Amino acid sequence: MNIRESLPDIYYIKHSIRTLMKKSILPVIPVLILILLLMRPALAFDGAKSGLLLWFNVVLPTLLPFMLCSSLLVAWGGVPLITRPFAPLLKLLGLSDKGSYALMSGLLCGYPMGAKTTADFVRDGSISGNEGKRLLAIAGCPSPMFVAGYIHSHLDGTVPFLFIAAAVYLPVIINGFLVQLFYRERKKALPSPLPVTCNAAPDGRPFDEIMMASLEIMVKIGGYIMLYSILAGFICESSILPESVKPLLTGFVEMTTGIDAVSRTMSGLPAALAILFSAVFGGLSGVSQTNTVIKNAGLSIRHYVLWKLLHAALSCTILILLSSL
């Protein structure tokens, strides 16, 4: 008897597990969440309110203008004007003009602008799927305004701010070279009969369409911030979790709430490392926001999470090395 025939079909097992989860486990989750919300309605209300206020007072006025301007630059053909001065440096990372712009938008505008721009370029054929994968790994970063404003204001001065800034952005260069090796395109035995071309021409979309698309994304981002802020509130008020774990877990769930919790309960280099990890990883809220903007682009959110964890680990390592000098 063939050994393969004697073993259970692994695909059948996977399908059975998924079916079991959908029918018996997944429906229980919203029921448990509903019970939890009914048991602590005031806490859920405060979490939802703080999340929406964070979105309305900080995220919306900060991100929406950049999102609109970026979409207009792409639609009306202004990308080369932005990327040309930095082309020699960005070419070292193996990026095209539009790929360079996606990286710049991620570095300057913060989450999830780099991922959104990358996904848009992959969908319309402006960059290849391989370049999109490389960009997704490095184009998601906290913006300089967030680092200089929010993060700086929550540091106690023990660790120099320049060390924090270097630890945030230096791993982008390191990962930029690593992704070229990891996503290296393999040469095919037979050349493709048709060369791959990139659509560099302006798409000429009207402003109203651009604005509605940006507002739709902002509403989704606000929803995720609200939901994860509720979860962060429950973590902070939990009587089961140790007090030393709460700020770290909160930062892993929602970046801004976690940074504030860390600054109120920790100090020195440990606090700076916890704040740095939360900011660079972006929290599960940032992962969900990124997943929203990359749909239907052939990009993997699991790869994004792994590269963000590597980025966070490199950032913490660089900060420890700098602090030991």
Side-chain angles (χ1 to χ4, degrees), residues 55 59-60 62-71 73-75 79 82-83 90 93-147 168-169 171-173 175-176 178-179 182-183 210 213-225 228 254-256 278-312 315:
W55 174 77
V59 179
L60 183 65
T62 301
L63 187 58
L64 182 58
F66 280 101
M67 190 175 292
L68 287 172
C69 184
S70 176
S71 298
L73 276 171
V74 175
V79 169
I82 302 295
T83 59
L90 295 172
L93 300 178
L95 300 176
S96 63
D97 286 342
K98 286 203 170 182
S100 300
Y101 177 73
L103 176 60
M104 291 173 61
S105 68
L107 293 176
L108 296 176
C109 305
Y111 306 110
M113 197 62 209
K116 177 192 178 300
T117 308
T118 298
D120 289 342
F121 287 161
V122 172
R123 292 190 196 99
D124 66 18
S126 297
I127 62 175
S128 66
N130 181 274
E131 186 174 3
K133 293 175 183 178
R134 290 187 279 123
L135 281 168
L136 186 65
I138 60 176
C141 281
S143 68
M145 290 185 295
F146 183 82
V147 174
V168 170
Y169 296 112
V172 175
I173 301 175
N175 282 350
L178 290 177
V179 295
F182 188 83
Y183 295 113
I210 293 173
S214 299
L215 289 173
E216 181 182 355
I217 293 174
M218 290 305 306
V219 170
K220 291 180 180 179
I221 291 174
Y224 279 119
I225 292 176
Y228 282 104
E254 210 288 311
M255 174 178 61
T256 51
S278 298
V280 172
F281 177 65
L284 295 180
S285 176
V287 172
S288 297
Q289 295 170 34
T290 300
N291 191 41
T292 295
V293 300
I294 67 172
K295 287 183 177 179
N296 303 320
L299 302 174
S300 172
I301 192 63
R302 287 176 294 181
H303 283 203
Y304 170 81
V305 171
L306 292 174
W307 284 109
K308 291 307 297 177
L309 290 173
L310 176 60
H311 188 164
S315 294

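Note that the structure is a prediction, hence the values are computed from the model and not measured.
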What is the distance from atom CD1 of Ile221 to atom OH of Tyr111, rounded to the nearest 0.5 Å?
13.0 Å

Could you go step by step and tell me if Tyr169 and Val147 meet the side chain to side chain contact (heavy atoms under 4.5 Å, CB included) rule?
CA-CA 10 Å; Tyr169 296 112; Val147 174; 3.6 Å; yes

Those residues that, when tested against Ser100, pass side-chain contact (heavy atoms from CB on, under 4.5 Å) (two or more places apart):
Thr83, Leu90, Leu95

Given side chains that start at C-beta, do those of Phe121 and Glu131 come closer than 4.5 Å, heavy atoms only?
no

Sub-4.5 Å side-chain heavy-atom contact between Val293 and Asp120
no

I'd like to know whether Gln289 forms a side chain to side chain contact (heavy atoms under 4.5 Å, CB included) with Ile225, so could you lay out the CA-CA distance, the side-chain angles of the two residues, the decisive distance to 0.1 Å, and finally the verdict.
CA-CA 9 Å; Gln289 295 170 34; Ile225 292 176; 3.5 Å; yes

If every non-hydrogen atom of Leu68 is compared with every non-hydrogen atom of Ser214, which pair is closest and at what distance?
CD2-OG, 3.7 Å

How long is the gap from CG on Leu93 to CD1 on Ile173, to the nearest 0.5 Å?
7.5 Å

Drop me the distance from Leu299's CG to Leu135's CG, to the nearest 0.5 angstrom.
9.0 Å

Between Trp55 and Tyr224 (side chain of the first, backbone of the second, donor and acceptor by atom type, cut-off under 3.5 Å), is there such a pair?
no

Nearest heavy-atom contact between Ala102 and Ala139 is O-CB, 4.1 Å

Is a side-chain donor or acceptor of Arg134 paired with a backbone partner of Gly99 at a separation under 3.5 angstrom?
no

For a side chain to side chain contact (heavy atoms under 4.5 Å, CB included) check, start with the C-alpha distance between Thr290 and Leu136, then their side-chain angles and the critical distance, and finish with the verdict.
CA-CA 9 Å; Thr290 300; Leu136 186 65; 4.2 Å; yes

Does the side chain of Ser126 pick up a donor-acceptor pair with the side chain of Asp124 at under 3.5 Å?
yes

With no hydrogens and no angle check, is any side-chain donor or acceptor of Thr117 less than 3.5 Å from a backbone partner on Gly114?
no

State the CE-CD1 distance between Met67 and Ile217, to the nearest 0.5 angstrom.
5.0 Å

For the residue pair Pro112 and Thr292, establish whether any side-chain heavy-atom pair is separated by less than 4.5 Å.
no

For the residue pair Glu254 and Ser285, what are the closest heavy atoms and their distance?
CG-CB, 4.1 Å

Which pair of heavy atoms, one from Val168 and one from Pro142, lies closest together, and at what distance?
CG1-CG, 3.8 Å

How close do Tyr228 and Ser288 get, counting heavy atoms only, and between which atoms?
OH-OG, 2.8 Å

I want to check something: taking the side chain as every heavy atom from C-beta on, are Ile294 and Thr118 in contact at a cut-off of under 4.5 Å?
no

Gap between atom NZ of Lys98 and atom OG of Ser105 - 0.5 Å precision
12.0 Å

side-chain contact (heavy atoms from CB on, under 4.5 Å) partners for Asn175, two or more places apart:
Ile138, Leu178, Trp307, Leu310, His311, Leu314

Hey, does the side chain of Lys133 reach the backbone of His303 with a donor-acceptor pair shorter than 3.5 angstrom?
no

Look up atom SG in Cys69 and atom CG in Leu64, then write down how far apart they are to the nearest 0.5 Å.
11.5 Å

